[in-house]
2 protein chains.
Amino acid sequence: MSIQKTGSFQGMKSLNRSIILNSIRVHGMISRSEIAKETRLTPPTVTNIVAELILANLVVERRPGTSNGGRKPILLAINADSRFIIGVDVGVKKVRLALTNLNAEVSMRRTEELPSGLNEGGFLLFLKEIVSKFKQEIEKGVQEKIIGIGVAMHGIVDHTSGIAIHAPTLKLENVPVKEALEETFSLPVRVENDAKALALGEKWFGVGKDMDHFFCLNVGEGIGGGLVQSGQLVHGNDSLAGEIGHTVVDLRGPVCSCGNRGCLEAFSSGNALKFKGKQLMNAGKAPKLTEKLRETLSPISGKIIYECAVEGDTVSREILEEAGEYLGIGILNLIHLINPQMIILGGGVSQASNFLLKPINEVVSARALSDRAKKTEIVVSKLGEEGSLIGAVTLVLSELFSHEY
Amino acid sequence: MSIQKTGSFQGMKSLNRSIILNSIRVHGMISRSEIAKETRLTPPTVTNIVAELILANLVVERRPGTSNGGRKPILLAINADSRFIIGVDVGVKKVRLALTNLNAEVSMRRTEELPSGLNEGGFLLFLKEIVSKFKQEIEKGVQEKIIGIGVAMHGIVDHTSGIAIHAPTLKLENVPVKEALEETFSLPVRVENDAKALALGEKWFGVGKDMDHFFCLNVGEGIGGGLVQSGQLVHGNDSLAGEIGHTVVDLRGPVCSCGNRGCLEAFSSGNALKFKGKQLMNAGKAPKLTEKLRETLSPISGKIIYECAVEGDTVSREILEEAGEYLGIGILNLIHLINPQMIILGGGVSQASNFLLKPINEVVSARALSDRAKKTEIVVSKLGEEGSLIGAVTLVLSELFSHEY
DNA sequence: TAATTTAATTAATAAAGCGAACAAAAGGCG
DNA sequence: CGCCTTTTGTTCGCTTTATTAATTAAATTA
């Protein structure tokens with residue numbers, strides 16, 4: 001059994017602090033008395049804690065609200081620009097960097113190409129270098145207000161130790177990202193798997209804002225996912241939870257990159273689309289695709305297939321539709337296992353959602369066990385390409401706003 | 001967002017109370033100073049709360065422990081016989097009843113046949129009658145010590161309202177079990193799905209005792225499951241979580257009772273075994289089975305197949321092995337999605353575990369993504385046939401020992 | 001038997017929420 | 001315009017409960 005947190009005065013206050021802080025954050029603007037009503041804290045407690053938060057510069061009083069027949073309420077808001085966070089999203093080919101305030105509003109961004117073939121040491125060196133360069137470009141006044149660095153990373157990440165345990169496409173193992181960055185920058189660093197970061201980002205700033213139970217799929221070249229249960233990110237026992245890409249949807253399906261047969265990833269990932277397109281082209285069954293590639297001089301990719309589908313190519317549409325059907329099966333299994341309120345589609349593939357949502361929804365509503373399961377909302381992320389990056393920032397934010405802080 | 005619990009003195013104390021109570025429960029016997037060390041509560045706090053617990057008769061001082069070079073510690077234990085609980089397990093054909101103490105030790109049990117064709121009202125009437133009869137048979141002194149009734153029930157159950165929303169095989173919908181029993185017996189009643197109850201039972205009294213993340217399969221005529229994450233039962237958004245039986249393992253598989261194709265339940269449930277056996281017998285490919293049925297004059301069943309397998313019948317063994325392989329796929333999907341530390345096999349099929357565990361483990365270790373996932377322990381429940389019943393009792397217990405109480 | 005060690009309790013202290021009363025600021029109404 | 005009512009927010013004394021330090025209790029050991 002894990003070590004439990006005991007009830008203490010500090011703990012009690014810390015809990016109330018985070019309740020108030022989150023109430024302000026979620027509402028954008030809210031008065032003290034509204035907070036008291038909503039959270040069931042007493043007015044004096046709210047007053048006291050808010051006073052501390054204002055002193056700490058985390059909260060500011062804004063304009064008075066409209067009266068309800070008595071004294072006007074004083075609206076409180078998060079002092080968004082009092083602190084800043086650096087977010088880093090380590091992808092397969094590139095690293096994105098962003099500077100945001102407490103509302104995760106990006107005020108500066110960079111994208112760096114990730115050199116291939118780096119070993120663990122080289123990778124860390126590169127990471128430190130680009131973060132350092134990025135930080136130096138930030139104006140002095142803001143630089144001092146940076147309170148932490150959040151890193152979203154492809155592969156398996158132990159979020160407690162901040163070690164990237166296994167990043168297959170980068171061919172890296174056990175990289176102590178947190179330790180290295182904390183030492184270099186003397187700032188708290190949080191590291192998380194990119195799909196899980198995305199899910200957290202959706203919980204705080206995306207379509208998952210009001211959801212307590214949801215699953216967020218990250219469909220790009222591969223397929224990952226992040227699960228939120230009771231408002232909390234689920235890591236499982238070894239930080240492996242969420243690997244929906246390698247759940248089996250058809251035992252006799254094609255071989256997946258992981259060596260198994262019939263994984264969802266082998267049907268519906270960007271790579272799977274690419275493979276399927278190539279196959280059809282070789283068989284001479286995808287004239288439009290062949291033409292498009294000759295025109296644009298680009299290699300086959302999920303994006304190209306999507307573009308052809310937009311332009312009306314039936315073959316491309318069928319490829320996407322089939323991918324959607326299998327995604328539907330994977331999502332269905334998910335629904336039956338953990339019964340989320342919402343499924344969020346994120347990652348590169350979310351662009352193609354107009355072709356995917358229909359088959360997914362059809363499969364789910366046809367096969368879900370109960371009416372309630374059929375009603376599981378399936379939506380597309382609105383955070384776009386920067387979703388994981390926003391999630392990375394949120395890793396730091398969530399600690400600032402959390403109970404433990 | 002759900003209503004949060006605020007930090008308050010009561011809350012703080014209630015939390016510490018539950019921490020201490022659980023520490024005593026888990027250790028069986030433990031001294032005050034050990035509790036303080038383990039829980040990081042201060043000695044006076046432990047003393048104070050323990051004093052209250054003793055006053056409430058929940059805890060007793062037992063014999064002194066062995067000295068560690070100074071004064072002997074006074075060992076504390078849960079006063080097991082200070083309170084009793086009635087557990088009810090509503091199955092498809094029968095209802096089990098049990099009376100237990102705080103250690104979930106059964107001191108009285110009954111099994112009643114469940115009449116078929118009851119409607120909602122008739123079902124409740126029957127339930128009230130058998131519980132009433134059972135209660136009257138309990139000796140007076142113990143009867144007064146009953147603190148609640150826990151009900152485990154087949155089908156979809158809303159555990160907050162205590163309504164059995166959907167019980168397909170009983171053909172019942174929206175049965176207000178909690179309300180009805182609470183009114184009749186003036187005792188707190190908790191109702192839960194049987195597989196989830198089983199999982200809770202395993203967490204408290206079974207092999208899941210020291211596990212924070214596990215999944216408990218209940219394989220009987222159908223296949224259900226209960227998920228424990230961070231020590232807590234997971235219900236999902238509509239109490240539907242855990243339905244592993246209807247996750248798809250092979251799109252082109254046989255038709256399931258739910259109408260879909262390729263559900264795990266259509267491969268590995270007791271019913272699936274039965275069906276498969278019948279199929280082989282009709283094709284004349286299962287001589288041993290045919291003989292056994294003629295001998296025993298009983299209809300084909302999972303149990304018979306198991307018995308034949310024990311007696312060395314290759315056909316029966318193959319049936320079980322195949323069921324195991326598909327179970328392995330289902331479990332694999334589970335592992336990749338939520339990464340539990342342990343998988344517990346419970347329900348009727350757990351008897352046949354000697355034939356099932358091998359293929360399950362083979363599939364998991366062959367196909368799991370990472371070494372850590374391969375190491376997921378797969379074990380058999382030790383609670384046996386009464387697992388869900390113990391779980392039902394635990395529903396009440398967990399509230400007595402919990403923070404909210 | 002005295003010294004030491006560990007266990008448990010007591011007493012004084014302090015943290016922080018709570019309830020009641022109070023102040024501040026509106027709006028409503030005569 | 002001025003008084004009353006309502007809503008918002010604060011102040012103050014009280015209460016709960018954990019914490020620290022000192023104390024008592026009961027062993028072991030030298």
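What you see below is based on every heavy atom in this structure, not just the backbone, and it leaves out hydrogens, waters and symmetry mates.
- Ionic pairing of B:E182 and B:R190 is present here: one or more N-O contacts between side-chain nitrogen and carboxylate oxygen are shorter than 4.0 angstrom.
- Not one side-chain nitrogen or oxygen of A:K72 sits closer than 4.0 Å to the OP1 or OP2 atom of C:dA24.
- Atom P of nucleotide C:dG17 and atom CG of A:L41 are separated by 8 Å, given to the nearest angstrom.
- Overall, the helix from C:dT1-D:dA30 to C:dG30-D:dC1 carries an axis bend of 10° between its ends, with five pairs at each end and the value rounded to 10°.
- Contact check on B:K13 versus B:E52 returns a salt bridge, with a Lys/Arg side-chain nitrogen under 4.0 Å from an Asp/Glu carboxylate oxygen.
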Steps toward side chain to side chain donor-acceptor pair (under 3.5 Å) verdict (B:E38, B:H27): CA-CA 11 Å; B:E38 197 205 45; B:H27 286 83; 2.9 Å; yes
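- The salt bridge (charged side-chain N to carboxylate O under 4.0 Å, His left out) analysis of residues 138-149 of chain A, with sequence neighbours excluded, yields no pairs.
- Here the nucleotide nearest the side chain of A:K37, chosen from C:dG17, D:dT8, C:dA7, is D:dT8.
- For A:T160, the side chain to side chain contact (heavy atoms under 4.5 Å, CB included) test picks out A:D158, with sequence neighbours left out.
- Within the nucleic acid shown, A:S31 comes within 4.0 Å of sugar-phosphate atoms alone, with no base atom in reach, counting heavy atoms only.
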N/O contacts under 3.5 Å, protein versus nucleotides 9-11 of chain C?
| from | atom 1 | to | atom 2 | distance (Å) |
| --- | --- | --- | --- | --- |
| C:dT9 | OP2 | B:R32 | NE | 3.2 |
| C:dT9 | OP2 | B:T47 | OG1 | 2.9 |

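- Within the 4.0 Å cut-off from OP1 or OP2 of C:dG17, not a single side-chain nitrogen or oxygen of B:S8 is found.
- With hydrogens and angles ignored, the 3.5 Å screen pairs no side-chain donor or acceptor of A:T45 with any backbone N or O of A:L41.
- Atom P of nucleotide D:dT19 and atom NZ of B:K13 are separated by 13 Å, given to the nearest angstrom.
- The nearest whole Å value for the distance from the NZ atom in B:K5 to the C1' atom in C:dG17 is 17 Å.
- Between C:dA16 and A:N16, no contact under 4.0 Å exists linking OP1 or OP2 to a side-chain N or O.
- Here B:T45 lies in heavy-atom contact (under 4.0 Å) with a base.
- Between the CD1 atom of B:I19 and the C1' atom of D:dT17 there is a distance of 14 Å, given to the nearest Å.
- Between A:R17 atom CZ and C:dA15 atom C1' the separation is 17 Å, expressed in whole Å.
- Taking atom CD on A:Q10 and atom C1' on D:dT17, their separation rounds to 14 Å, with Å as the unit.
- Following rounding to the nearest Å, B:N68 (CG) and C:dA8 (C1') show an atom-to-atom distance of 14 Å.
- Here A:T42 reaches the OP1 or OP2 of C:dC18: one of its side-chain N or O atoms lies under 4.0 Å away.
- Legend: residues meeting side chain to side chain contact (heavy atoms under 4.5 Å, CB included) with A:N48, ordered by chain and number and at least two apart, are absent.
- Nearest heavy-atom pair, A:C216 versus A:E202, reported as atom, atom and distance to 0.1 Å: SG-CG, 3.9 Å.
- Residue B:G69 is the one, among B:F9 and B:G69, whose nearest nucleotide of DNA chain C lies closer to the 5' end (criterion: closest heavy atom).
- Partners of B:T184 under the side chain to side chain contact (heavy atoms under 4.5 Å, CB included) rule, at least two apart in sequence or in another chain, are B:K128.
- The residue among A:E34 and A:G7 whose nearest nucleotide of DNA chain D lies closer to the 5′ end is A:E34.
- For B:P73, the side-chain atoms get nearest to C:dA7 when compared with the rest of D:dG9, C:dA16, C:dA7.
- Rounded to whole angstrom, the span from the CD1 atom of A:I35 across to the P atom of C:dG17 amounts to 14 Å.
- Look at A:S67 and you won't find any side-chain N or O under 4.0 angstrom from OP1 or OP2 of C:dA26.
- One finds a salt bridge joining B:E61 and B:R32 here, because a Lys/Arg side-chain nitrogen approaches an Asp/Glu carboxylate oxygen to under 4.0 Å.
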